[in-house]
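Shown next, in structure tokens, is the structure this report addresses.
Proteins come first, then strands; the chains are lettered A, B, ... in the order of their sequence lines, and each starts at number 1.
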There are 2 protein chains.
Amino acid sequence: MKRSAKRPYHHGDLAAALVDTAVELIAERGVAGFSMAEASRRLGVTVAAPYRHFADRDALLAAVAAKAATDLTAAVAVEASAVPEPTDRIAAAARGYVRFASANAALFQALFAAGLDKRARPELEEAARPLVEDFFHGPATSLFDGDEQAGEALALAVLATAHGHAMLLLDGAFGPDTDAVGQAMARAHAAALGLVSGREALRSADLPTKVAGK
Amino acid sequence: MKRSAKRPYHHGDLAAALVDTAVELIAERGVAGFSMAEASRRLGVTVAAPYRHFADRDALLAAVAAKAATDLTAAVAVEASAVPEPTDRIAAAARGYVRFASANAALFQALFAAGLDKRARPELEEAARPLVEDFFHGPATSLFDGDEQAGEALALAVLATAHGHAMLLLDGAFGPDTDAVGQAMARAHAAALGLVSGREALRSADLPTKVAGK
DNA sequence: GTCTATATCCCGATAGAC
DNA sequence: GTCTATCGGGATATAGAC
């Protein structure tokens, strides 16, 4: 796995190369095991070079998280965009969400387990908006005949369910079986269908209203 | 849970004190910001002392995670054990799960965001077994008239849903509103009710059989 | 069981040359 | 935009005294 043999980056796109290498490192050692120094070493540049492109370690991690958000959106789109029927669409999105988390664990962890302050990085939420709108909120709202608030409740419920399955899968809660991934995807899919089927419980739920004080 | 005395630890229970201090540190700086050195400093012992009680940093973190598992179980019990009706019981458990995650974020993160290898620490799963059995698997199975496999599917779906809501809440996905906690709890509760209501979608789903709880 | 002392290592980040 | 050189800091973990 030597990369030092050739030097494709010295006069190339170091910023992008750093993001790629960060993903590699996170995959190998986890988010905590990632460091600017090690990434520099792998790319054959000195430890000072990355700071021309990223203000600090967190900035590079945020760039990785941003890539994760767009890649996740694209992956779910591949799985669900061809499915027009709302119930199947949102269920396919849930399954695709879990699939991406497993197939791109490093990216997923950069987005959700890097300890990044999302409130300070609204661009991440922005990057994930099409995902939420097109594959969760949209179908959910049409399942409620256009009721926006009920649709949002269902969308968030399915999203949280997919997220929970993804996190538990990465945590090993589905066991060491080789098909733990397939199992988690099937369970997330079925749970989404169940939520759709029982969606009336979400419509009437008295949730704290969206905005009270501003 | 007292730390009143000035120096209760020098000849007291350093192991337990280290766990408490680790929780404090994680609450203040996150899991990544926790170190044996800083914990030692706070307790007024030298950096060598903790190694008489924990083999390494990960061992101390695992002890914190174990406490988290038992505390989580106890907290859910407080919220759901008095509720006999299966549907309300499992929904109360989901809500209690989210409440605990918010009220004890440091413990929850030690359990789920510390990067501990769960497969290498089966005692954590063991500690959470009563939680899964009594408040998820039990009621879910009775909702399926004793069908164990269908019950497990519903239990895992509700558990994953609660987990997803908890993780998203800690990630700030429910916004900076002061009642984000109450909202997340209400949503998890409603989603659990929805899953119960639409549980037929889970019974028929062809899922691989074996599963590890939690 | 705790302390003193220390070995060893790695990291983030910067200044200034080229 | 990258390199050289480096500062300053903090971490894990161990050896041996008490």
| Ion pair check, A/E28 and A/R42, cut-off under 4.0 Å | yes
| task | Please name all residues satisfying side-chain contact (heavy atoms from CB on, under 4.5 Å) with B/V23, sequence neighbours left out, ordered by chain then number. | result | B/V64, B/A106, B/L107
| request: Rounded off to whole Å, could you give me the CG-to-P distance for the A/L18 and D/dG1 pair? | output: 13 Å
| query | Starting at CZ of B/F54 and ending at C1' of D/dT12, how long is that distance when rounded to a whole Å? | reply | 16 Å
| Does the distance from a Lys or Arg side-chain N to an Asp or Glu carboxylate O, for B/K118 and B/E125, drop under 4.0 Å? | no
| said: What is the separation between atom NE2 on A/H53 and atom C1' on D/dC3, rounded to the nearest whole Å? | reply: 13 Å
Set out, line by line, the N/O atom pairs under 3.5 Å between protein and nucleotides 8-13 of chain C.
{"unit_1": "C/dC11", "atom_1": "OP1", "unit_2": "A/S35", "atom_2": "OG", "d": "3.0"}
{"unit_1": "C/dC11", "atom_1": "OP2", "unit_2": "A/R41", "atom_2": "NH2", "d": "2.6"}
{"unit_1": "C/dG12", "atom_1": "OP1", "unit_2": "A/M36", "atom_2": "N", "d": "3.4"}
{"unit_1": "C/dG12", "atom_1": "OP1", "unit_2": "A/R57", "atom_2": "NE", "d": "3.3"}
{"unit_1": "C/dG12", "atom_1": "OP2", "unit_2": "A/M36", "atom_2": "N", "d": "3.1"}
{"unit_1": "C/dG12", "atom_1": "OP2", "unit_2": "A/A37", "atom_2": "N", "d": "3.2"}
{"unit_1": "C/dA13", "atom_1": "OP2", "unit_2": "A/Y51", "atom_2": "OH", "d": "3.3"}
{"unit_1": "C/dA13", "atom_1": "OP2", "unit_2": "A/R57", "atom_2": "N", "d": "3.3"}

| request: Heavy atoms only: give me the nearest B/T73-B/A127 pair and the separation to one decimal. | output: OG1-O, 3.7 Å
| Shortest non-hydrogen contact between A/D134 and A/R89, atoms and distance | O-NE, 3.2 Å
